[in-house]
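Atoms within each ligand, like the ligands themselves, are counted from 1 in listed order. What you see below is based on every heavy atom in this structure, not just the backbone, and it leaves out hydrogens, waters and symmetry mates. This one's a predicted model, so the numbers in the text were calculated from it and none came from an experiment.
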Amino acid sequence: MTDESLPPRTAAVIPAAGRGVRLGPGAPKALRTLNGTPMLLHAVRAMAASRAVSLVVVVAPPDDTQGVKNLLTEFAPPERTDIVVVPGGESRQESVRLGLDALPDGIEVVLVHDAARPLVPVDTVDSVIEAVRDGAPAVVPALPLADTVKEVEPREKGEPERVLATPERSRLRAVQTPQGFQRATLVRAHHTEEARGDGATDCAGMVERLGVPVVVVPGHEEAFKVTRPLDLVLAEAVLARRRANDGF
Ligand code: CTP
Ligand code: MG
């Protein structure tokens, strides 16, 4: 078999270096537990569950990189999957770039997946990878919105805000992770000044600024981001439902 006949090698970068300010006081968010297991471990498992993923790069809180390494030695990944841990940075964008810097030669497809989305189903991961392998340079999983969205003139917290516009809801999507990329495209975005500027809250947004097309594939409601305390309740309920269903 020649190299060209093999599928492109795929890695997942997991930014996990955030503090989780909105979740309230406690350990860094990625190390907070869901039914006893740190969120990060759930997220690593979710990536390693895809047969296509041969490497997982975990971007750890810089002051607890060793703790994350210790945690991951307790997890036996499938034989096909390597795990690397690197210290993260001040912003998500910087943490992702530090993760990309750790990728070895030979990786051609990169997923970026928030540690804060621990419960993404493997089918969602696989459909993102498949769309990249089919030729899309950038792919994001997303869902239609339940709420109507208003654009406002932002004011101090609690002050009434003037509504500027109401985008047509049926044209909006709430995006999730893993987002998938041709490696070269994502690396270029992270090294291009205009793509890195203010307001790019996800990797796909950076790639859009390069003028590269980004496509959306269906996301999953279980890929929601754990952001506020109520999300922990929901995540534990999802795990309990999975366990109950596995029993049948
Ligand atoms: N992240 C990171 N490095 C940072 C900031 C965020 O790797 N300097 C990661 C988080 O660990 C998380 C993902 O980016 O997995 C999405 O960020 P978010 O949900 O905002 O997490 P936090 O920044 O930790 O939460 P908060 O904004 O409430 O502090
Ligand atoms: Mg944040």
Side-chain angles (χ1 to χ4, degrees), residues 11-34 37-48 53 55-69 71-72 75 83-103 110-120 124-125 128 140-143 154 157 174-181 186-187 189-190 195-207 219-236 238:
V13 172
I14 302 186
R19 304 307 309 178
V21 172
R22 288 169 289 179
L23 208 49
K29 180 158 74 179
L31 302 178
R32 303 275 283 263
T33 59
L34 297 177
T37 301
M39 236 185 280
L40 174 62
L41 217 46
H42 287 285
V44 171
R45 261 191 209 136
M47 295 301 105
V53 172
L55 170 68
V56 177
V57 177
V58 173
V59 189
D63 54 356
D64 205 7
T65 306
Q66 191 56 47
V68 167
K69 282 185 180 160
L71 174 74
L72 290 169
F75 164 61
I83 298 188
V84 169
V85 179
V86 298
E90 288 287 311
S91 63
R92 181 184 187 277
Q93 191 182 112
E94 193 184 343
S95 294
V96 171
R97 187 178 50 75
L98 290 164
L100 293 177
D101 288 348
L103 294 177
V110 179
L111 302 179
V112 179
H113 180 63
D114 293 330
R117 297 182 190 271
L119 303 183
V120 61
T124 306
V125 181
V128 170
V140 300
L143 290 177
K157 202 173 172 213
V175 308
Q176 305 178 323
T177 72
Q179 301 189 347
F181 305 90
L186 185 59
V187 168
H190 275 267
R196 292 166 51 166
D198 287 350
T201 52
D202 71 341
C203 292
M206 298 173 66
V207 167
H220 196 285
E221 61 178 358
E222 292 183 1
F224 68 94
K225 188 160 69 125
V226 174
T227 305
R228 296 179 191 83
L230 193 60
D231 299 323
L232 290 172
V233 179
L234 179 60
E236 293 197 326
V238 169

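Applying the side-chain hydrogen bond (donor to acceptor under 3.5 Å, both in side chains) definition to pairs two or more places apart or across chains, those involving residues 83-92 are Arg92-Asp114.
Contact annotation: the side chain of Met206 approaches that of Arg196 to within less than 4.5 Å [non-hydrogen atoms, C-beta and beyond]. Residues Asp231 and Lys225 fail the side-chain proximity criterion, which asks for heavy atoms closer than 4.5 Å. Looking at heavy atoms from C-beta onward, Val84 lies out of side-chain contact with Val58 at the 4.5 angstrom threshold.
Protein residues lining ligand 1, listed by chain and number: Pro15, Ala16, Ala17, Gly18, Arg19, Gly20, Val21, Arg22, Lys29, Gly89, Glu90, Ser91, Arg92, Ser95, Asp114, Ala115, Ala116, Lys225 [non-hydrogen atoms, distance under 4.0 Å].
To the nearest 0.5 angstrom, Leu119 atom CG is 5.5 Å from Phe224 atom CZ.
Using a 4.0 Å cut-off between charged nitrogen and carboxylate oxygen, Lys69 and Asp64 do not count as a salt-bridge pair.
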